[in-house]
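A note on names: the letters A, B, ... follow the listed sequences, proteins ahead of strands, and every chain is numbered from 1.
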Protein chains: 2
Amino acid sequence: MESEEISIVRGFCRSFTRRVGVFTDKFLGRDRPLAEARLIFEIGGQGQEVRDLRSNLGVDSGYLSRLLRSLERQGLARVMPGQKDRRLRRAELTPAGLTELDELIRRGQDFAAALLEPLSPTQRQRFVSAMLEVERLWDLSATVIEAVDPASKDAKYCLDQYYAELDRSFDQGFDLAQSITADPSETTPPHGIFLLARLNGQPIGCGAIKRIEPEVGSVKRMWVDPSARGLGLGRRMLQSLESHALELGMRKLCLETNRNLEAAQSLYRRCGYREVSPFNNDPYADFWFEKDI
Amino acid sequence: MESEEISIVRGFCRSFTRRVGVFTDKFLGRDRPLAEARLIFEIGGQGQEVRDLRSNLGVDSGYLSRLLRSLERQGLARVMPGQKDRRLRRAELTPAGLTELDELIRRGQDFAAALLEPLSPTQRQRFVSAMLEVERLWDLSATVIEAVDPASKDAKYCLDQYYAELDRSFDQGFDLAQSITADPSETTPPHGIFLLARLNGQPIGCGAIKRIEPEVGSVKRMWVDPSARGLGLGRRMLQSLESHALELGMRKLCLETNRNLEAAQSLYRRCGYREVSPFNNDPYADFWFEKDI
DNA sequence: GCTTTTACCTGACTTGAGTCAGATAATTTT
DNA sequence: AAAATTATCTGACTCAAGTCAGGTAAAAGC
């Protein structure tokens, strides 16, 4: 890695921190402690469960409780017991709180507008697209891939998204029962592995390996959230699967894919997989690939 | 301005604040108050006068004094009277302080490196160039143009830079005495105007108008710092000069320029100036322009 | 029905960050 | 030489932010 790149990133972060810090102090925290303003933001128009507020803001339970009491005293929020479980409590903004939220949102927008205002239309466009680029790549960098239980809640979420997408993509739709299995037991060590990609804790992609012969694995359930595509996350997932396959004692990986999943095919080719003749009778497969790892 | 652009800017700032905040807390402020870490940074390897520290960090004099005492107690810095003026005090890092500074720098670099590490070389390149783009355009947006006394320190700084650059650019060099005047008295209302562009308080460009006939002004001393070129700051300066000229009762602006200043010529053409026959005998001029405003 | 766990609250703290009103010494102005 | 100004320091504050050790009510487990 070049030291020039590092110093650009450092310089960027520093100047940015200083600039946004000025905004935060002057605009958001004008007449109220910052933590309260952030809390109002986080509760939002819909309300939130206290437990979620705590995890999203990353604050101590006692501290949050005190902040909520303070908002209640100011008539900006109310906290009430949950419907089903009366231990779980839900915070909502009062009408006055909603007004305050609007005001906070407005201040933020004013700040952004003031930033864009001196720029020409072309410059604005370049400005926002550069911001999107930084954000996307930062997201990519912040994404972590880890092995999880394929029966866990997050894994299920990804699989459901994946199946729904297959159903939309395949000419004949997709029925899980008709397809070749990749059950939790098959994608758990020592038989296989199930990997999950997370961004800020949220699942945004998955991939699995299932053993089909003593030294041969099959790549299954490769999925990346649409919002994270085009960043090379699929490639990272595949590379990660390959190294886990090696650890599981596999020497070859194979996979099948549908003709409508063109991005997937080109990913496999780019990653060194070569097309082979059909090695199974998956009703949804049009192409079969393999790679010695 | 489009509301989509505004929301992109808002979203970017928010996600960025959160991310850099995590870094600041975990890395920089690990074993020492943030304000002290920033102060060590600001004193730097060379040392700094206390007065400069105060203005750069934007803190209260009493607060800074206490921070400095704290660093002294920890053996990281020492403060001593200035050479000429013994009221002005100068802060320097001790060897232990320098070690600490290195450590802080290293942590920052580690953070940046960790951010770049998961990206491919191509992605890294896109990442840093998008950051540079955001930073440059943010700089441009944060640049303010204001009328100042042409005899002020900042104006003199810009003029010196400008003369030095002319001397390097012109085939025959540049001698102020030979050129057409634009003295402080000529570029001050009601005779003319002197504008300064500032970024974070630092002068980065200038431009002036001098009256040569009751309703005709001459554009003089147009200069933009090399680091800020290519952003359209020259154009903004020129537009600002034009509106000030109108306020001074002028109806026409004219100017002369040298053949080696190609960027300047194209700026004038783009802004609606048309070439005319020579209207003065400036020894350094090759082209003459004018515009009805 | 009893114990354990969960989700939250309360009170008592610590620490960091920052403000403000003088005090003091060196320098400049008159 | 006296008065004013400048640069910094000191002490006495406030206020936000956050931690920690219990405590309580509701729900879940046995």
Nucleotide of C/dA7, D/dA17, D/dC9 approaching A/Leu88 most closely (side-chain heavy atoms): C/dA7
B/Arg89/B/Glu49 salt bridge by N-O under 4.0 Å criterion: no
Selection: residues 56-77 of chain A, any non-hydrogen atom under 4.0 Å of DNA chain D: A/Asp60, A/Tyr63, A/Arg66
Nearest-angstrom distance from the residue atom CZ of A/Arg54 to P of D/dT19: 13 Å
Basic-acidic side-chain contact under 4.0 Å: A/Asp183, A/Lys210: no
Short N-O contact, B/Arg38 and B/Glu42, less than 4.0 angstrom: no
N-O pairing of B/Arg10 and A/Asp110 below 4.0 Å: no
Contact list for DNA chain D against residues 79-87 of chain A - heavy-atom distance below 4.0 Å: A/Lys84, A/Asp85, A/Arg86, A/Arg87
Atom pair distance, as rounded to whole Å: CZ in B/Arg51 and C1' in D/dT6: 9 Å
Atom-pair distance (CG on A/Leu39; C1' on D/dG18), nearest Å: 15 Å
Carboxylate-amine/guanidinium proximity below 4.0 Å for B/Asp102 and B/Arg106: no
Step-by-step side chain to side chain donor-acceptor pair (under 3.5 Å) determination, A/Ser70 to A/Gln74: CA-CA 6 Å; A/Ser70 166; A/Gln74 295 170 65; 3.0 Å; yes
Length of the line joining B/Leu34:CG and C/dT15:C1', which is rounded to integer Å: 13 Å
Gap between atoms CD and P, on B/Glu36 and C/dA17 respectively (whole Å): 8 Å
Salt-bridge criterion met for A/Asp60 and A/Arg54 (N-O under 4.0 Å): no
B/Arg69 with B/Glu72: basic N within carboxylate O range, under 4.0 Å: yes
